[in-house]
Amino acid sequence: MSELRVGIVGYGVMGKAHSYGYRVAPMLRPLPVTPVAAVISGRNGPAVAAAAAAYGIPEHTTDWRALVARDDIDVVDICTPPGTHAEIAQAAAAAGKAVLCEKPLALTYREAAAALAAVTSAGVHHAVGFNYRRLPAVALMRRMVAGGAVGEVRLWRATWLSDEFTDPDTPYDWRFDRQMGGTTIADLGSHLIDMALWMAGEIGSVCAQSATFIAERPLPGRPGEAGTGAGARAVTVDDASSALLRFGSGALGAMEVARAAVRRPCDFTVEVNGSRGTLVFDYARLNELRYGSADDDPGLYGMRRIRAEHPSHPYAGSWWPIGQGVGYGASFGNQVADLLEGWPDAPWDPGFGQGAAVQAVCDAMEASAAQGRWVTVSEVTGAGGAG
Ligand SMILES: NC(=O)c1ccc[n+]([C@@H]2O[C@H](COP(=O)([O-])OP(=O)(O)OC[C@H]3O[C@@H](n4cnc5c(N)ncnc54)[C@H](O)[C@@H]3O)[C@@H](O)[C@H]2O)c1
């Protein structure tokens with residue numbers, strides 16, 4: 001079987017997760033090609049060398065442009081901070097490579113649209129790493145919504161809470177920099193907005209608020225230390241944001257994202273209330289859904305707990321026997337298997353078009369919070385004028 005050779009740009013948390021995904025995917029289902037993580041890049045030579053050894057990747061480089069230019073690389077997989085995504089994606093498209101890009105696709109809708117134009121005109125495969133879609137319970141939730149299990153979607157709500165930014169001594173890095181890390185709206189919210197668009201359809205307008213509670217961060221110290229005390233840098237991103245959403249369908253939405261929630265590790269929830277039922281996903285119990293239907297026996301009023309581990313459920317049959325469940329890492333194996341299953345004919349999904357659509361909602365939320373008013377998504381995209 002032929003190999004599909006991947007160059008991974010960035011060796012941090014996502015470089016590791018994606019490397020894992022390429023190893024696992026062929027164990028999940030038969031694929032027309034075998035993905036091989038062939039080379040990985042990063043700015044720090046010794047660190048990228050150590051990561052390559054740990055992830056089982058034979059080659060490494062400190063020059064992402066050299067990785068993109070290699071004739072023996074078919075796919076460029078972007079696992080660097082958001083401020084670098086659009087440039088790397090455009091270079092990869094120009095070199096004729098398929099591109100998988102971590103979320104958010106870019107810093108702004110304008111940048112995301114430029115990346116979309118680049119992959120479209122190059123005619124290469126493209127995808128954004130909205131991996132949470134590929135958890136069995138989240139995929140089942142979407143399948144149930146699309147299949148009418150809750151009736152017409154009326155209310156959609158989601159939260160994503162972490163404590164990443166709660167300690168004022170956490171030193172400055174790219175996540176605190178609007179020009180490199182983007183916003184908390186985009187960092188955490190891009191996953192939620194992707195799920196909202198996927199499950200409940202287009203979002204027409206938003207009304208948001210944002211706050212930055214810790215205005216500056218100490219400059220980084222030596223490895224293992226916190227700040228040096230020798231200086232600080234202003235934080236240019238939101239610590240927390242929340243928004244009301246109006247969907248094109250008439251459904252109402254509410255969402256809250258925060259990296260300022262003490263003792264919240266990476267908790268997200270998504271709930272859909274429809275005309276005939278309710279579905280709830282809670283990441284702390286990621287193999288489960290709660291479901292209640294208006295058709296249920298009133299004597300059993302409440303919601304049942306569905307375990308998304310049955311072979312009939314999305315992804316579940318390719319993993320473990322029922323009762324064992326899966327974790328976060330499974331979403332990366334599922335992602336690679338989904339993308340490569342139809343290689344080279346099937347387009348990848350979700351592609352940069354979805355990444356740009358998500359970015360437009362992020363931009364609308366940022367503008368709304370800054371201006372204190374409802375903002376239509378079409379004001380950001382320029383489609384259909386302001387309303
Ligand atoms: N899908 C998910 O579950 C998930 C989870 C975490 C992060 N992410 C996304 O993945 C991307 C990477 O995040 P991460 O947590 O792996 O980051 P990280 O800090 O762990 O790793 C960043 C990597 O990018 C490289 N890099 C290149 N240019 C850089 C620059 N200017 N500043 C800093 N590092 C630079 C670093 O050398 C490093 O290899 C981000 O877009 C983030 O939003 C996605």
Side-chain angles (χ1 to χ4, degrees), residues 17-18 20-21 24-31 103 127-153 155-161 188 190-201 253 255 264-274 276-297 300-341 349-350 354:
H18 286 221
Y20 174 80
V24 169
M27 298 183 210
L28 302 178
R29 40 190 132 127
L31 298 174
K103 48 54 62 175
V128 180
F130 291 125
N131 57 300
Y132 289 94
R133 282 179 178 222
R134 327 246 189 208
L135 290 173
V138 174
L140 178 62
M141 184 175 187
R142 200 270 180 166
R143 187 171 89 183
M144 289 177 72
V145 171
V150 299
E152 178 189 304
V153 174
L155 301 172
W156 180 91
R157 84 182 60 71
T159 59
W160 197 308
L161 306 175
L188 305 180
S190 61
H191 284 299
L192 297 180
I193 294 164
D194 171 60
M195 288 184 249
L197 299 178
W198 193 46
M199 291 184 193
M255 122 179 189
R264 288 290 205 167
C266 176
D267 285 341
F268 81 90
T269 58
V270 180
E271 177 162 349
V272 176
N273 311 117
R276 300 294 301 162
T278 286
L279 271 166
V280 186
F281 174 80
D282 178 350
Y283 186 60
R285 302 185 70 103
L286 83 169
N287 290 292
E288 297 176 4
L289 283 181
R290 282 187 296 138
Y291 175 56
S293 166
D295 299 327
D296 291 344
D297 176 355
L300 300 176
Y301 189 91
M303 284 194 254
R304 73 196 81 163
R305 190 159 62 95
I306 296 173
R307 295 182 56 159
E309 301 171 66
H310 188 267
S312 66
H313 291 150
Y315 303 112
S318 23
W319 283 91
W320 313 117
I322 194 162
Q324 310 309 322
V326 298
Y328 174 65
S331 66
F332 296 95
N334 293 339
Q335 176 167 275
V336 173
D338 283 350
L339 297 181
L340 299 192
E341 192 164 41
D349 182 54
Q354 176 75 359

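Counting heavy atoms from C-beta on, the side chains of Leu155 and Val272 never come closer than 4.5 Å. Put simply, the side chain of Val24 does not reach to within 4.5 Å of the side chain of Val336, judged on heavy atoms. Annotation: side chain of Trp319 is in contact with side chain of Leu28 (closest heavy-atom distance under 4.5 Å). Contact annotation: the side chain of His313 approaches that of Ile306 to within less than 4.5 Å [non-hydrogen atoms, C-beta and beyond]. In this structure the side chain of Trp160 never reaches within 4.5 angstrom of the side chain of Thr269, judged on heavy atoms. In this structure the side chain of Val138 reaches within 4.5 angstrom of the side chain of Met199, judged on heavy atoms. Contact check for Glu341 versus Arg29: side-chain heavy atoms found under the 4.5 Å cut-off. The shortest side-chain heavy-atom distance between Arg157 and Asn273 falls under the 4.5 Å cut-off.
Between the CH2 atom of Trp156 and the CE atom of Met195 there is a distance of 7.5 Å, given to the nearest 0.5 Å. Atom CG of Leu197 and atom CG of Leu192 lie 11.0 Å apart (nearest 0.5 Å). Rounding to the nearest 0.5 angstrom, the gap separating the CE atom in Met303 from the OH atom in Tyr291 is 11.5 Å. In this structure, CD on Gln335 lies 10.0 Å from CZ on Arg133, to the nearest 0.5 angstrom. Distance CE/Met141 to CG/Leu135: 12.5 Å, rounded to 0.5 Å. We find the OG-CD1 distance between Ser190 and Ile193 to be 7.0 Å, quoted to the nearest 0.5 Å.
Pairing each heavy atom of Phe130 with each of Pro350, the nearest pair is CD1-CG, 3.8 Å. The nearest pair of heavy atoms linking Leu279 to Val145 is CD1-CG2, 3.9 Å. Of all the heavy atoms in Arg304 and Ser293, the pair that sits closest is NH2-CB, 4.4 Å. For the residue pair Pro314 and Ala139, the shortest heavy atom distance occurs at CB-CB, 3.6 Å. For the pair Pro136 and Ala308, the tightest heavy-atom approach, listed with the atom from each and the gap, is CB-O, 3.5 Å. Here the closest heavy-atom approach between residue Leu286 and residue Val326 is recorded as CD2-O, 3.6 Å.
Using modelled atom types and a 3.5 Å distance limit, the side chains of Tyr301 and Asp296 yield no donor-acceptor pair.
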Residues Asp282, Arg285; criterion salt bridge (charged side-chain N to carboxylate O under 4.0 Å, His left out); working and verdict: CA-CA 6 Å; Asp282 178 350; Arg285 302 185 70 103; over 6 Å; no
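Residues meeting the side chain to side chain contact (heavy atoms under 4.5 Å, CB included) test with Glu309, sequence neighbours left out: Asn287, Arg307, Ile322.
Note: Phe268 and His191 fail the aromatic proximity criterion, with ring centroids not under 6.0 Å apart. In this structure, Tyr132 has its ring center no closer than 6.0 Å to that of Trp198.
Asn334 places a side-chain N or O within 3.5 Å of a backbone atom of Arg134 that can act as its donor or acceptor partner.
Using a 30° and 60° split on the angle between ring planes, Phe281 and Tyr283 fall in the tilted class, from 30° to 60°.
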